[in-house]
Amino acid sequence: MTKNYNTEDLNNRLAEREWMIQTQLVSRDITDEAVIKSMLIVPRHKYVMEDKQAYAYYDTALDIEAGQTISQPYIVALMAQALELKSSDKVMEIGTGSGYSAAILSRMAEYIYTIERLDVLAQIAKRRFQDQGYENIEVYVGDGTLGWAEKAPFDAILVTAGGPLIPDSLIHQLAVGGRLVIPVGDKGVQKLMRVKKTATSELSEENLGTVRFVPLIGTKGWRESIMLEGL
Ligand code: SAM
């Protein structure tokens with residue numbers, strides 16, 4: 001596919017991304033060259049609100065619109081690495097948020113289908129993809145816990161919000177040989193789980209460590225009413 005990226009954005013704040021990669025990714029356990037290259041290229045400061053742009057390359061998650069968050073760069077890299085992507089892979093992401101992780105994945109795989117439940121975030125992310133020339137990302141507004149059956153099977157599925165369990169719908173939509181990465185646990189803390197579909201009805205599961213994500217809200221996630229009770 002011919003890609004028409006906005007090269008002005010790519011060169012902007014490149015030195016800060018180099019610093020982010022050395023001090024936050026390579027110094028930890030990120031070794032996947034495709035992840036490192038993608039994180040060097042994608043301008044994270046373009047995925048946050050103006051008043052947060054100064055902090056875009058810090059070692060931290062940041063607030064975005066609609067009370068949601070863009071994950072810490074290291075966590076984005078860790079999840080992208082855990083997906084073990086090939087350039088021919090078809091990927092589904094649940095939780096578009098700012099659009100940053102979809103942009104990272106889109107430079108490592110063939111096509112990204114990303115689902116966001118909040119329309120306001122989906123529209124902002126779509127505009128960013130257009131502005132920066134990403135032509136291999138499709139955004140859908142809906143309940144990602146049900147997946148995207150018409151586009152399945154997927155070689156890899158990334159969930160960027162924390163759910164109480166692994167939705168069976170996502171397992172069904174994973175190709176044989178596919179990888180699903182998802183935070184699973186309670187509303188405060190989760191285990192980052194990687195599930196591999198080794199055969200049609202055979203799965204292997206690994207715990208990649210402790211993470212903290214905003215809740216996955218939907219039919220096969222947390223109920224929205226339960227989230228409001230906690231306020
Ligand atoms: N990947 C995002 C990024 O790069 O900015 C981070 C996303 S944020 C941590 C989690 C997102 O998941 C929020 O935008 C939230 O609205 C969304 N979300 C929660 N439950 C969802 C669901 N069932 N379907 C789709 N999106 C959902």
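What you see below is based on every heavy atom in this structure, not just the backbone, and it leaves out hydrogens, waters and symmetry mates. When a ligand or atom number is given, it counts from 1 through the structure's own listing order.
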Looking only at protein heavy atoms, which one is nearest to [atom], and how far off is it?
{"atom": "atom 16 (O) of ligand 1", "answer": "Glu116 OE2, 2.6 Å"}
{"atom": "atom 12 (O) of ligand 1", "answer": "Gly95 CA, 3.3 Å"}
{"atom": "atom 8 (S) of ligand 1", "answer": "Thr69 O, 3.1 Å"}
{"atom": "atom 20 (N) of ligand 1", "answer": "Ile217 N, 3.0 Å"}
{"atom": "atom 19 (C) of ligand 1", "answer": "Pro215 O, 3.4 Å"}
{"atom": "atom 13 (C) of ligand 1", "answer": "Gln68 OE1, 3.3 Å"}

- [ ] Could you pull out the closest heavy-atom pair between Leu40 and Arg17, with the gap in Å?
- [x] O-NE, 2.6 Å
Task: Any donor-acceptor pair under 3.5 Å from Arg194 side chain to Ala82 backbone - done: yes
Which atoms of ligand 1 have any heavy atom of [X] under 4.0 Å away?
{"X": "Glu93", "result": "1 (N)"}
{"X": "Leu121", "result": "14 (O)"}
{"X": "Leu118", "result": "16 (O)"}
{"X": "Ile70", "result": "5 (O)"}
{"X": "Thr145", "result": "23 (N)"}
{"X": "Tyr100", "result": "4 (O)"}
{"X": "Val214", "result": "8 (S), 9 (C), 10 (C)"}

Task: Contact check: Thr160 vs ligand 1, nitrogen or oxygen atoms, below 3.5 angstrom - done: yes
Task: Sub-3.5 Å N/O-N/O distance, Gly144 and ligand 1 - done: yes
Task: Salt bridge present between Glu16 and Arg44 (N-O < 4.0 angstrom) - done: no
TODO: Assess whether atom NZ of Lys191 is packed by more than 12 heavy atoms of other residues, nucleotides or ligands within 6.0 Å.
DONE: no
Among [options], which one puts a heavy atom closest to [atom]?
{"atom": "atom 21 (C) of ligand 1", "options": "Lys220, Met79, Arg212, Arg117", "value": "Arg117"}
{"atom": "atom 4 (O) of ligand 1", "options": "Ser101, Gly218, Ala103", "value": "Ser101"}
{"atom": "atom 3 (C) of ligand 1", "options": "Pro183, Gly142, Ser98", "value": "Ser98"}

Task: Evaluation steps, salt bridge (Lys or Arg N to Asp or Glu O under 4.0 Å), between Lys86 and Glu110 - done: CA-CA 8 Å; Lys86 293 189 290 297; Glu110 178 69 22; over 6 Å; no
Ignoring hydrogens and angles, state whether a donor on the side chain of [X] or [Y] is under 3.5 Å from an acceptor on the partner side chain.
{"X": "Glu150", "Y": "Tyr113", "value": "no"}
{"X": "Glu116", "Y": "Thr96", "value": "no"}
{"X": "Gln190", "Y": "Asp186", "value": "no"}
{"X": "Asp155", "Y": "Tyr111", "value": "no"}

TODO: Please report the C-alpha distance between Glu65 and Arg128 in whole Å, then the side-chain angles of each, then the deciding distance to 0.1 Å, and finally whether the salt bridge (Lys or Arg N to Asp or Glu O under 4.0 Å) criterion is met.
DONE: CA-CA 14 Å; Glu65 296 83 354; Arg128 287 174 176 155; 3.8 Å; yes
Open item on the list: Using the rule side chain to side chain contact (heavy atoms under 4.5 Å, CB included), only one of Ile115, Thr219, Ile217, Ile94 pairs with Asp143; which is it?
Closed with: Thr219
Under 4.0 Å from ligand 1, counting heavy atoms only, is it the side chain of [X], its backbone, both or neither?
{"X": "Leu216", "result": "both"}
{"X": "Ile94", "result": "side chain"}
{"X": "Val76", "result": "neither"}

Task: Any Thr96 heavy atom less than 4.0 Å to ligand 1 - done: yes
Open item on the list: Centre-to-centre under 6.0 Å for Trp19 and Tyr57, is that the case here?
Closed with: no
- [ ] Would you verify whether the NZ or CZ of Lys90 falls within 45 degrees of the ring axis of Phe154 while also being under 6.0 Å from that six-membered ring's centre?
- [x] yes
